[in-house]
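Chain A is the first sequence line, chain B the second, and so forth, proteins listed ahead of strands; every chain is numbered from 1.
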Amino acid sequence: MKIATWNINGVKARIDTALAWIKEASPDIACLQEIKSVDEGFPTSAFEDLGYNVATHGQKGFNGVALLSKLPFDEVNRGLPGDDADEHARFIEGVFSVESGALRVVSLYLPNGNPIDTPKFPYKLAWMERLRVWAAERLTYEEPLVLAGDYNVIAEPRDAKDPSLWLNDALYQPETRKAFRAIETLGLTDALRATTDEDGLYTFWDYQAGAFQKNNGIRIDHLLLSPQAADRLVSVGIDKHVRGWDKPSDHVPVHVELRI
DNA sequence: ATGTCGAATTCTATTCGA
(Lines give C-alpha, C1' and ligand atoms only; values in the text may rest on other atoms or scores of the structure.)
Protein backbone atom coordinates (compact mmCIF):
# COMPACT_ATOMS: atom_id res chain seq x y z
CA MET A 1 0.00 0.00 0.00
CA LYS A 2 1.33 3.40 -1.03
CA ILE A 3 0.78 6.28 1.40
CA ALA A 4 1.92 9.78 0.47
CA THR A 5 2.07 13.21 2.08
CA TRP A 6 2.20 16.55 0.28
CA ASN A 7 1.85 20.17 1.32
CA ILE A 8 0.19 21.50 -1.82
CA ASN A 9 0.14 25.20 -0.80
CA GLY A 10 -3.40 25.93 -1.94
CA VAL A 11 -5.62 23.23 -3.47
CA LYS A 12 -7.54 25.60 -5.72
CA ALA A 13 -4.43 27.27 -7.15
CA ARG A 14 -2.81 23.84 -7.51
CA ILE A 15 -5.66 21.65 -8.75
CA ASP A 16 -4.15 20.83 -12.16
CA THR A 17 -0.78 20.02 -10.59
CA ALA A 18 -2.44 17.95 -7.89
CA LEU A 19 -4.48 15.90 -10.35
CA ALA A 20 -1.42 15.34 -12.56
CA TRP A 21 0.54 14.03 -9.57
CA ILE A 22 -2.31 11.80 -8.38
CA LYS A 23 -2.57 10.26 -11.85
CA GLU A 24 1.18 9.72 -12.01
CA ALA A 25 1.79 8.48 -8.45
CA SER A 26 -1.55 6.73 -7.84
CA PRO A 27 -1.19 6.63 -4.02
CA ASP A 28 -3.66 4.46 -2.14
CA ILE A 29 -3.87 7.19 0.49
CA ALA A 30 -2.73 10.81 0.09
CA CYS A 31 -2.34 13.23 2.99
CA LEU A 32 -2.60 16.87 1.90
CA GLN A 33 -1.69 19.99 3.87
CA GLU A 34 -2.20 23.73 3.38
CA ILE A 35 -5.32 23.24 1.30
CA LYS A 36 -6.17 26.90 2.11
CA SER A 37 -9.83 26.18 1.61
CA VAL A 38 -13.00 25.69 3.58
CA ASP A 39 -14.51 22.20 3.29
CA GLU A 40 -17.23 23.43 0.89
CA GLY A 41 -14.61 24.94 -1.42
CA PHE A 42 -12.50 21.79 -1.73
CA PRO A 43 -12.57 20.29 -5.25
CA THR A 44 -13.89 16.99 -3.93
CA SER A 45 -15.50 15.76 -7.15
CA ALA A 46 -12.27 16.18 -9.14
CA PHE A 47 -10.60 13.64 -6.83
CA GLU A 48 -13.69 11.42 -6.63
CA ASP A 49 -13.57 11.19 -10.42
CA LEU A 50 -10.12 9.59 -10.04
CA GLY A 51 -11.49 6.98 -7.64
CA TYR A 52 -10.82 8.59 -4.28
CA ASN A 53 -12.84 9.04 -1.15
CA VAL A 54 -12.28 12.50 0.31
CA ALA A 55 -12.22 13.84 3.86
CA THR A 56 -11.26 17.42 4.66
CA HIS A 57 -10.65 19.65 7.64
CA GLY A 58 -10.46 23.11 6.20
CA GLN A 59 -10.73 26.76 7.21
CA LYS A 60 -10.81 30.12 5.46
CA GLY A 61 -7.62 31.51 4.00
CA PHE A 62 -4.86 29.31 5.30
CA ASN A 63 -3.98 25.95 6.93
CA GLY A 64 -6.37 23.07 6.20
CA VAL A 65 -5.64 19.36 5.74
CA ALA A 66 -7.24 16.54 3.76
CA LEU A 67 -7.15 12.80 3.19
CA LEU A 68 -7.72 11.15 -0.18
CA SER A 69 -8.18 7.39 -0.10
CA LYS A 70 -8.98 4.56 -2.48
CA LEU A 71 -10.20 2.68 0.60
CA PRO A 72 -13.46 3.78 2.22
CA PHE A 73 -13.19 5.62 5.53
CA ASP A 74 -14.38 3.64 8.55
CA GLU A 75 -13.94 6.72 10.73
CA VAL A 76 -12.65 10.29 10.40
CA ASN A 77 -11.46 12.43 13.34
CA ARG A 78 -10.82 16.13 12.85
CA GLY A 79 -8.66 18.35 15.06
CA LEU A 80 -5.84 17.59 17.49
CA PRO A 81 -7.17 17.21 21.05
CA GLY A 82 -5.74 19.10 23.98
CA ASP A 83 -6.77 22.75 23.46
CA ASP A 84 -10.43 23.63 22.89
CA ALA A 85 -9.45 27.23 22.08
CA ASP A 86 -7.27 26.17 19.12
CA GLU A 87 -9.27 26.77 15.93
CA HIS A 88 -6.52 26.07 13.39
CA ALA A 89 -7.37 23.23 11.00
CA ARG A 90 -4.15 21.24 11.09
CA PHE A 91 -5.03 17.62 11.86
CA ILE A 92 -7.21 14.86 10.41
CA GLU A 93 -7.14 11.13 11.13
CA GLY A 94 -8.64 8.45 8.92
CA VAL A 95 -9.26 4.87 10.00
CA PHE A 96 -9.34 2.09 7.39
CA SER A 97 -9.99 -1.64 7.39
CA VAL A 98 -7.12 -3.82 6.21
CA GLU A 99 -6.45 -7.55 6.49
CA SER A 100 -4.67 -7.21 9.85
CA GLY A 101 -7.43 -5.02 11.28
CA ALA A 102 -7.33 -1.23 11.47
CA LEU A 103 -4.92 1.11 9.67
CA ARG A 104 -4.75 4.69 10.94
CA VAL A 105 -3.39 7.53 8.82
CA VAL A 106 -3.03 11.15 9.95
CA SER A 107 -2.49 14.21 7.77
CA LEU A 108 -0.97 16.93 9.95
CA TYR A 109 0.25 20.46 9.38
CA LEU A 110 2.44 21.40 12.32
CA PRO A 111 2.60 25.14 13.07
CA ASN A 112 5.47 27.02 11.44
CA GLY A 113 6.26 28.97 14.61
CA ASN A 114 7.98 32.00 13.09
CA PRO A 115 8.99 34.54 14.21
CA ILE A 116 10.36 32.91 17.36
CA ASP A 117 9.93 36.03 19.54
CA THR A 118 6.15 36.00 19.06
CA PRO A 119 3.35 33.81 20.50
CA LYS A 120 3.59 31.71 17.33
CA PHE A 121 6.63 29.87 18.66
CA PRO A 122 5.17 28.76 22.02
CA TYR A 123 2.00 27.80 20.10
CA LYS A 124 4.14 25.52 17.94
CA LEU A 125 5.83 23.91 20.94
CA ALA A 126 2.50 23.44 22.75
CA TRP A 127 1.03 21.86 19.59
CA MET A 128 3.97 19.45 19.45
CA GLU A 129 3.39 18.46 23.07
CA ARG A 130 -0.30 17.85 22.30
CA LEU A 131 0.77 15.69 19.35
CA ARG A 132 3.13 13.73 21.63
CA VAL A 133 0.33 13.04 24.09
CA TRP A 134 -2.05 12.04 21.30
CA ALA A 135 0.53 9.71 19.69
CA ALA A 136 1.35 8.07 23.03
CA GLU A 137 -2.31 7.22 23.46
CA ARG A 138 -2.69 5.87 19.90
CA LEU A 139 0.46 3.74 20.21
CA THR A 140 -1.23 1.74 22.98
CA TYR A 141 -3.55 0.39 20.25
CA GLU A 142 -0.56 -1.51 18.75
CA GLU A 143 -1.88 -0.95 15.21
CA PRO A 144 -0.22 0.23 12.02
CA LEU A 145 -0.30 4.04 12.31
CA VAL A 146 1.18 6.57 9.88
CA LEU A 147 1.64 10.13 11.11
CA ALA A 148 2.29 12.00 7.89
CA GLY A 149 2.61 15.66 7.12
CA ASP A 150 4.45 18.94 7.08
CA TYR A 151 6.12 18.92 10.50
CA ASN A 152 7.92 22.24 9.97
CA VAL A 153 10.86 20.63 11.77
CA ILE A 154 14.43 20.32 10.50
CA ALA A 155 15.34 17.38 12.72
CA GLU A 156 19.08 17.25 12.07
CA PRO A 157 21.84 19.29 10.36
CA ARG A 158 21.92 16.87 7.41
CA ASP A 159 18.27 17.77 6.73
CA ALA A 160 19.28 21.25 5.48
CA LYS A 161 21.60 22.24 2.66
CA ASP A 162 22.98 25.01 4.87
CA PRO A 163 21.96 24.63 8.53
CA SER A 164 23.53 28.00 9.41
CA LEU A 165 20.75 29.74 7.48
CA TRP A 166 18.16 28.32 9.90
CA LEU A 167 19.73 29.11 13.28
CA ASN A 168 17.16 31.81 14.07
CA ASP A 169 14.27 29.96 12.50
CA ALA A 170 11.52 28.17 14.44
CA LEU A 171 12.01 25.07 12.28
CA TYR A 172 15.52 24.46 13.65
CA GLN A 173 15.45 25.70 17.25
CA PRO A 174 16.84 23.29 19.87
CA GLU A 175 13.41 23.26 21.58
CA THR A 176 11.75 22.33 18.29
CA ARG A 177 14.18 19.52 17.60
CA LYS A 178 13.86 18.27 21.17
CA ALA A 179 10.07 18.20 20.93
CA PHE A 180 10.32 16.25 17.66
CA ARG A 181 12.69 13.74 19.25
CA ALA A 182 10.29 13.35 22.18
CA ILE A 183 7.62 12.25 19.67
CA GLU A 184 10.00 9.88 17.89
CA THR A 185 11.25 8.32 21.11
CA LEU A 186 7.72 7.17 21.94
CA GLY A 187 8.55 4.48 19.42
CA LEU A 188 7.85 6.09 16.06
CA THR A 189 10.14 5.55 13.09
CA ASP A 190 11.05 8.32 10.62
CA ALA A 191 10.40 6.28 7.47
CA LEU A 192 13.01 7.99 5.33
CA ARG A 193 15.79 7.61 7.88
CA ALA A 194 14.89 3.95 8.30
CA THR A 195 16.00 3.45 4.72
CA THR A 196 18.91 5.84 4.12
CA ASP A 197 21.56 7.98 5.81
CA GLU A 198 22.08 10.06 2.68
CA ASP A 199 22.28 13.80 3.04
CA GLY A 200 21.00 16.19 0.37
CA LEU A 201 17.48 14.75 0.60
CA TYR A 202 14.98 17.60 0.87
CA THR A 203 11.21 18.09 0.60
CA PHE A 204 10.91 21.91 0.55
CA TRP A 205 12.64 24.63 -1.41
CA ASP A 206 11.68 28.28 -0.95
CA TYR A 207 10.18 30.06 -3.95
CA GLN A 208 12.70 32.88 -3.46
CA ALA A 209 16.24 33.36 -4.66
CA GLY A 210 16.38 30.30 -6.91
CA ALA A 211 16.47 27.92 -3.95
CA PHE A 212 15.45 24.87 -5.98
CA GLN A 213 17.99 25.52 -8.71
CA LYS A 214 20.69 25.65 -6.02
CA ASN A 215 19.19 22.67 -4.17
CA ASN A 216 19.03 24.95 -1.15
CA GLY A 217 16.35 22.85 0.51
CA ILE A 218 15.25 21.38 3.81
CA ARG A 219 13.60 18.10 4.78
CA ILE A 220 10.52 18.93 6.85
CA ASP A 221 7.84 16.61 5.46
CA HIS A 222 7.94 13.35 7.37
CA LEU A 223 6.10 10.05 7.72
CA LEU A 224 6.41 8.65 11.25
CA LEU A 225 5.48 4.98 11.60
CA SER A 226 4.27 2.98 14.58
CA PRO A 227 6.17 -0.29 15.15
CA GLN A 228 3.38 -2.22 13.41
CA ALA A 229 3.72 0.06 10.36
CA ALA A 230 7.53 0.15 10.44
CA ASP A 231 7.60 -3.66 10.40
CA ARG A 232 5.73 -3.49 7.10
CA LEU A 233 7.93 -0.80 5.49
CA VAL A 234 9.14 -1.69 2.01
CA SER A 235 10.46 1.59 0.58
CA VAL A 236 10.39 5.38 0.79
CA GLY A 237 10.54 7.96 -1.99
CA ILE A 238 10.61 11.73 -2.52
CA ASP A 239 8.94 12.98 -5.72
CA LYS A 240 11.51 15.74 -6.21
CA HIS A 241 10.74 16.17 -9.91
CA VAL A 242 7.32 17.62 -9.04
CA ARG A 243 9.10 20.77 -7.78
CA GLY A 244 10.20 21.38 -11.37
CA TRP A 245 6.68 21.34 -12.81
CA ASP A 246 4.78 24.47 -13.81
CA LYS A 247 3.08 26.23 -10.89
CA PRO A 248 4.70 23.95 -8.28
CA SER A 249 4.06 23.89 -4.56
CA ASP A 250 7.15 24.79 -2.55
CA HIS A 251 6.94 21.27 -1.06
CA VAL A 252 7.10 17.91 -2.89
CA PRO A 253 5.32 14.63 -2.15
CA VAL A 254 6.96 12.01 0.07
CA HIS A 255 5.65 8.45 0.05
CA VAL A 256 6.05 5.07 1.67
CA GLU A 257 5.21 1.59 0.44
CA LEU A 258 3.90 -0.64 3.21
CA ARG A 259 3.33 -4.39 2.98
CA ILE A 260 -0.35 -4.14 3.87
C1' DA B 1 17.51 42.64 -3.00
C1' DT B 2 14.24 38.06 1.09
C1' DG B 3 14.89 38.03 -5.30
C1' DT B 4 7.94 34.30 -4.29
C1' DC B 5 3.44 32.78 -3.81
C1' DG B 6 -1.75 32.23 -2.41
C1' DA B 7 -5.66 34.14 -0.15
C1' DA B 8 -8.42 37.82 1.76
C1' DT B 9 -9.68 42.51 2.14
C1' DT B 10 -8.11 47.24 2.13
C1' DC B 11 -9.97 45.12 -4.13
C1' DT B 12 -6.23 47.49 -11.02
C1' DA B 13 -3.19 47.50 -4.19
C1' DT B 14 -1.94 46.08 0.43
C1' DT B 15 -1.58 42.75 4.32
C1' DC B 16 -0.76 38.37 6.20
C1' DG B 17 1.22 33.85 6.59
C1' DA B 18 4.46 31.06 4.93
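For dA7(B) and dT2(B), the P atoms lie 26 Å apart once the distance is rounded to whole Å. Comparing dG6(B) with dA1(B), their P atoms are spaced 26 Å from each other, to the whole Å. With C1' as the reference atom, dG17(B) and dT12(B) are 23 Å apart, rounded to whole Å. Rounded to whole Å, the separation between the P atoms of dG3(B) and dA8(B) comes to 25 Å. On the P atoms, dT10(B) is 12 Å away from dT15(B), given to the nearest whole Å.
Residues T5(A) and D221(A) have side chains that never bring a donor and an acceptor to within less than 3.5 angstrom of each other.
Positionally, the nearest nucleotide of DNA chain B for K214(A) lies more toward the 5' end than for the other of K214(A) and Q59(A).
The salt bridge (Lys or Arg N to Asp or Glu O under 4.0 Å) analysis of residues 115-133 of chain A, with sequence neighbours excluded, yields the pairs D86(A)-R130(A), E129(A)-R132(A). Listed by first then second residue, pairs satisfying side-chain hydrogen bond (donor to acceptor under 3.5 Å, both in side chains) with a partner in residues 185-197 of chain A read R158(A)-D197(A), D159(A)-R193(A), D190(A)-R219(A), not counting sequence neighbours.
One atom, CH2 of W205(A), and another, C1' of dC5(B), lie 17 Å apart when rounded to the nearest Å. If you measure from atom CD of Q213(A) to atom C1' of dG3(B), you get 12 Å, rounded to the nearest angstrom. A straight line from CD1 of I35(A) to P of dC5(B) spans 22 Å, rounded to a whole angstrom. To the nearest angstrom, C1' of dA7(B) lies 16 Å from CZ of F42(A). Counting to the nearest Å, the C1' atom of dT9(B) and the NZ atom of K60(A) are 9 Å from each other.
Nucleic acid contact class of A209(A) (heavy atoms, under 4.0 Å, all strands): base.
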Check the interface with nucleotides 15-18 of chain B: list each N/O to N/O pair with the protein under 3.5 Å, or write none.
unit_1  : atom_1 : unit_2  : atom_2 : d
dG17(B) : OP2    : K120(A) : NZ     : 3.4

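Cluster partners of V133(A) are absent, since no Ile, Leu, Val, Met, Phe, Trp or Tyr has side-chain heavy atoms less than 4.5 Å from it. In the hydrophobic clustering, where aliphatic and aromatic side chains (Ile, Leu, Val, Met, Phe, Trp, Tyr) are joined below 4.5 Å either directly or transitively, L165(A) groups with I154(A), W166(A), L167(A), L171(A), Y172(A), F204(A), I218(A), I220(A).
Between H88(A) and Y123(A), the angle of the ring planes goes over 60°, which puts this pair in the perpendicular group of the 30/60° scheme.
For Y52(A), there are no ring-ring contact (aromatic ring centres under 6.0 Å, His included) partners at least two apart in sequence or on another chain.
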